Amino acid sequence: MRKFTSVHDLGPLGKALEEAMEIKKDRFADNELGKNKTLLMIFFNSSLRTRLSTQKAAMNLGMNVIVLDVNQGAWKLETERGVIMDGDKAEHLLEAIPVMASYCDIIGVRSFAGLKDKAEDYEERVIEQFIKHSGKPVFSMEAATRHPLQSFADLITIEEYKTKPRPKVVLTWAPHPRALPQAVANSFAEWMNETAYEFVITHPEGYELDPKFVGNARVEYDQRKAFEGADFIYAKNWSAYTGNDYGKVLSTDRDWTVDAEKMALTDNAYFMHCLPVRRNMIVTDDVIESERSLVIPEAANREISAQTVLKRMLHAINNADK
Ligand code: AN0
Ligand code: CP
């Protein structure tokens, strides 16, 4: 595998899950595979989990790791071609990418949606330039429209905790004071659509996601109705996608906060969130602290999803070297 930006890069999910479970049984089984290979992680945005779990995964495989926080100590990077660079950006991505690529074997990129220009975001202009100009395997650590390492960890977690072959999984919008990308929700929906689960999305009117990601999901505007009989509640905020509202916060209505009263409508569902989460906006203290909350094991599985992807990329590099 030389690229990982969506579920479609992974091939059959069953096989990917098997590989992930093998890694989970013994995460040091391949600790020589990455010897003398360097992972470069490039962050255009903040991170706690992605940064630590991906670095840990690379170390489990014996890799060296370099981390670059573009906004802390590097030159500010221009990402659009043709711009007269007389502003605050000292360097262009078109030079920076091949330079950075010359120091490493695999590149991870975190670059959130700007939420101003929908075309720029939905064409994934930043990560696509890394894929095109680096000549190295590239994976997403959350790009403009997807967060596949998160969704892969979410899937692993659901597989570990489900008690029926076809659980009901509900993705619910929840309020947040600032505009957030649609990436986590898009990606989760994309992955759920690849499974046999019953999948429902619930959100207030105006928060419709790109139909390409909604796929075969049932969209239910009544959150309480959506929660009925659910086995997994996956909460996430996102800003508006449609029309002129792109990137806007249309509502911070705390009537959509996930609380114990709503969880009581479910079939004793597990609660999931990718974190970071704002308590008592997205979810109440008691729900996130309850026995049914999976937020910690879910985050722990980020190490497993990252290691599965890195292992495949190392195999691709080693095979090409032969
Ligand atoms: C980011 C988002 O919603 O995309 C990252 C989530 C993993 N969240 C925030 O910026 C709070
Ligand atoms: N879930 C997740 O990607 O968290 P970070 O933004 O902390 O990496």
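In this text the structure is predicted, and so the values were computed from the model without any measurement. Atoms within a ligand are numbered from 1 in the order they appear, just like the ligands themselves.
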Going by atom types alone, do Asp259 and Thr257 pair a side-chain donor with an acceptor below 3.5 Å? no
Give the residue and atom name of whichever protein heavy atom lies nearest to atom 3 (O) of ligand 1, and the separation in Å to one decimal. Lys236 NZ, 2.7 Å
Kindly tell me which protein residues have any non-hydrogen atom under 4.0 angstrom away from an atom of ligand 2, grouped by chain and ordered by number? Ser47, Leu48, Arg49, Thr50, Arg110, His147, Gln150, Cys274, Leu275, Arg302
Under 3.5 Å, is there a donor-acceptor pair between the Lys24 and Asn301 side chains? yes
In terms of heavy-atom contacts, does NZ of Lys164 have more than 12 from other residues, nucleotides or ligands at under 6.0 Å? yes
With a cut-off of under 6.0 Å to the ring centre and 45° to the axis, is Arg312 in cation-pi contact with Phe4? no
Taking distance alone, with N or O pairs closer than 3.5 Å, would you say Asn237 contacts ligand 1? no
What protein heavy atom sits nearest atom 9 (C) of ligand 1, and how far away is it? Leu180 CD2, 3.5 Å
May I ask you to check if ligand 1 and Glu142 share an N or O to N or O distance below 3.5 Å? yes
Is the closest heavy-atom distance from Pro181 to ligand 1 below 4.0 Å? yes
Nearest heavy-atom approach of Met272 to Val295 is C-CG1, 4.3 Å
So does Arg254 have more than 12 non-hydrogen atoms from other groups sitting under 6.0 Å from CZ? no
Could you please spell out the steps behind the salt bridge (charged side-chain N to carboxylate O under 4.0 Å, His left out) verdict for Lys168 and Asp267? CA-CA 9 Å; Lys168 178 176 176 183; Asp267 190 4; over 6 Å; no
Just let me know how Leu275 lines up against ligand 1, side chain, backbone, both or neither, with a heavy-atom cut-off below 4.0 Å. backbone
Would Gln182 and Ser239 count as having a side-chain donor-acceptor pair, cut-off 3.5 Å? yes
Do the side-chain N and O atoms of Asp121 and Tyr241 include a donor-acceptor pair separated by under 3.5 angstrom? no
Please work out, at 4.0 Å between heavy atoms, whether the side chain, the backbone, both, or neither of Trp238 comes within that distance of ligand 1. neither
